[in-house]
Structures are given as C-alpha cells and as structure tokens.
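Down below is the structure, laid out as structure tokens.
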Amino acid sequence: RYADGVAPLLPSAAGRPERWSLLDTALRNLRVGSFVLLPDTGRIEADRALLDLVGITPDDFDGKADTLLAHALPEDMHALVSVLEPATEAFGRRELEFRVRGPTGEMRWLSLSCRVVEATEDQPEQVLGVVTATSVLRRSADEVSRIQWLTAALADAHTVRDVSCVLVAPLREPRGA
C-alpha cells in the first residue's frame, strides 16, 4: 500500500517541519482538538488543543481516556461513551454534542466527530476524532433545560410505553412562537 511505503519517510513529531507547529497553533486558536483512542487499552493520544477544550493541563494528563471523560457532565456520559465505543455494525462517522465542566466550574458545549478504524495485522482498532468548541449562542437556557428534563425523564422510563409518553409529552405542550 502507498501509505505503508510513505510512512517511514515522514518526519517524527520531534522532527516535524515548522509548518506543523503553525498548523497546531492555528487549530488551537480555532479551538479544534484531535485524538486517537485505542479502545482495547483505554489509552488516548490527545493534542494540546483538546486538552485546553476539556480544561486539563498537559502535565495533568496521564494518557487515559477516563481522565478526559471525567470532565464530561454525568448526564452526557452514557451518550459520549456509546459514541466512543466501537461497535462491529457501525464503522461510519459518529457525531455528538456534549458538555464538560471547566476547571473554574463553567460549563462548555463541545462537538465530537469521530470514526472507527478497523484493526489490521499491524495496528489495533482505533477511534480517530476531532472535538470543537460549540458556540454557546446555539443553546439557550430553555433548550438546555429541555435536554436535562428529557435526560432525567428517560432515565426513569422502563418500558416502551414509558419512553413513548416521555417523547410525546413535549409535543402536546403549546409552542411559544
């Protein structure tokens, strides 16, 4: 394969040309972070921009996915983990907006886009992804409260009928125009 032939010719991270550092700076300024997750080990390689978005200093990051996940709001954890866990039937692109709690207690909306790369004989299965800051203007307080209400209501749903009732209830409420 072409990629296998070219890979040894590419410089390592220590020997990257200056344009790589310019790209890294640009992505950090745009608030775009990237990661490579190895699901079998729980290890994750995260760039500085991603650590900044989540609110972790590089010195405090131990390379474990759990360290990053610990910053997500508990209500968003199940959806976040389900997107990051590879499933044999879904190797396509996955997207999710989720919230993290910053080091000073502020809540931030982040957007995750990732895809699973199947294992080969040379490399284990990986999840490759990017995380961007989502504009706070996209979420009103009313939308956030609806999401929180729906999450809490679905947590108490035990049957298909319960789920149906939870999902239909907001549709019956008068809509403010």
Side-chain angles (χ1 to χ4, degrees), residues 12-14 16-87 93-117 125-157 166-167 169-170 173 175-176:
S12 66
R16 283 187 180 157
E18 189 170 325
R19 70 178 184 268
W20 284 100
S21 64
L22 291 173
L23 178 63
D24 183 54
T25 302
L27 290 175
R28 203 166 354 143
N29 288 335
L30 291 170
R31 300 180 72 190
V32 176
S34 62
F35 67 90
V36 176
L37 169 66
L38 300 175
D40 291 341
T41 64
R43 305 290 297 169
I44 188 169
E45 183 180 320
D47 65 10
R48 184 175 181 130
L50 176 58
L51 297 178
D52 290 345
L53 286 168
V54 175
I56 300 175
T57 64
D59 292 336
D60 291 336
F61 183 57
D62 58 4
K64 296 179 183 174
D66 288 343
T67 304
L68 292 173
L69 291 171
H71 290 266
L73 266 59
E75 299 87 19
D76 296 346
M77 186 65 70
H78 179 72
L80 184 57
V81 170
S82 69
V83 166
L84 292 174
E85 286 181 347
R93 184 174 165 183
R94 303 171 185 187
E95 295 183 358
L96 175 72
E97 286 188 2
F98 64 100
R99 299 164 294 169
V100 295
R101 186 72 59 193
T104 59
E106 80 280 7
M107 185 183 73
R108 300 178 192 160
W109 278 95
L110 301 177
S111 178
L112 165 73
S113 180
C114 65
R115 69 181 181 91
V116 176
V117 177
E125 183 175 58
Q126 299 177 341
V127 178
L128 309 176
V130 294
V131 175
T132 59
T134 304
S135 172
V136 291
L137 298 175
R138 291 179 53 187
R139 296 276 182 233
S140 69
D142 191 41
E143 288 175 313
V144 172
S145 69
R146 279 191 195 133
I147 292 169
Q148 290 172 340
W149 175 85
L150 183 60
T151 301
L154 286 173
D156 293 333
V166 167
L167 296 176
E173 293 176 11
R175 305 291 288 170

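Heavy atoms only: backbone and side chains are in, while hydrogens, waters and symmetry mates are out. Worth saying up front: this structure is predicted, and the values here are computed from it rather than measured. All residue numbers in this chain count up from 1 along the given sequence.
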**Report entry** Test side chain to side chain contact (heavy atoms under 4.5 Å, CB included) applied to Phe35 and Val127, Val130, Leu128, the passing residue
**Finding:** Val127
Requested in this report: Given side-chain contact (heavy atoms from CB on, under 4.5 Å), test Val116 with Gln126 step by step and report yes or no.
Outcome: CA-CA 6 Å; Val116 176; Gln126 299 177 341; over 6 Å; no
Report summary line: With sequence neighbours left out, the residues meeting side-chain hydrogen bond (donor to acceptor under 3.5 Å, both in side chains) with Thr67 are Asp62
Query raised in the report: Just wondering, are more than 12 heavy atoms of other shown residues or ligands nearer than 6.0 Å to CZ in Arg101?
Result: yes
Report task. Measure the spacing between CG of Leu96 and CG of Leu110 and express it to the nearest 0.5 Å. Result -> 10.0 Å
**Report entry** From OG (Ser113) to CZ (Arg93), nearest 0.5 Å
**Finding:** 3.5 Å
**Report entry** Gap separating the CZ atom of Arg99 from the CE atom of Met77, nearest 0.5 angstrom
**Finding:** 11.5 Å
Report summary line: Residues pairing under side-chain hydrogen bond (donor to acceptor under 3.5 Å, both in side chains) where one sits in residues 33-50, two or more places apart or in two chains, turn out to be Ser34-Asp47
**Report entry** Contact summary for Gly55 and Arg108, nearest pair of heavy atoms
**Finding:** N-NH1, 3.8 Å
Query - Taking every non-hydrogen atom, the tightest pair across Pro58 and Leu51 - result: CA-CD1, 3.9 Å
Query raised in the report: What distance separates Leu69 CG from Lys64 NZ, expressed to the nearest 0.5 Å?
Result: 13.0 Å
**Report entry** Approximate separation, where rounding is to 0.5 Å, of Leu50 CG and Ile44 CD1
**Finding:** 6.5 Å
Query raised in the report: Backbone N or O of Thr134 within a donor-acceptor pair of the Ser111 side chain at under 3.5 Å?
Result: no
Report task. Could you tell me the separation between the CG atom of Leu80 and the CG atom of Leu68, rounded to the nearest 0.5 Å? Result -> 9.5 Å
Query raised in the report: For Asp60, which residues count as a side-chain contact (heavy atoms from CB on, under 4.5 Å) partner, sequence neighbours excluded?
Result: Ile56, Thr57
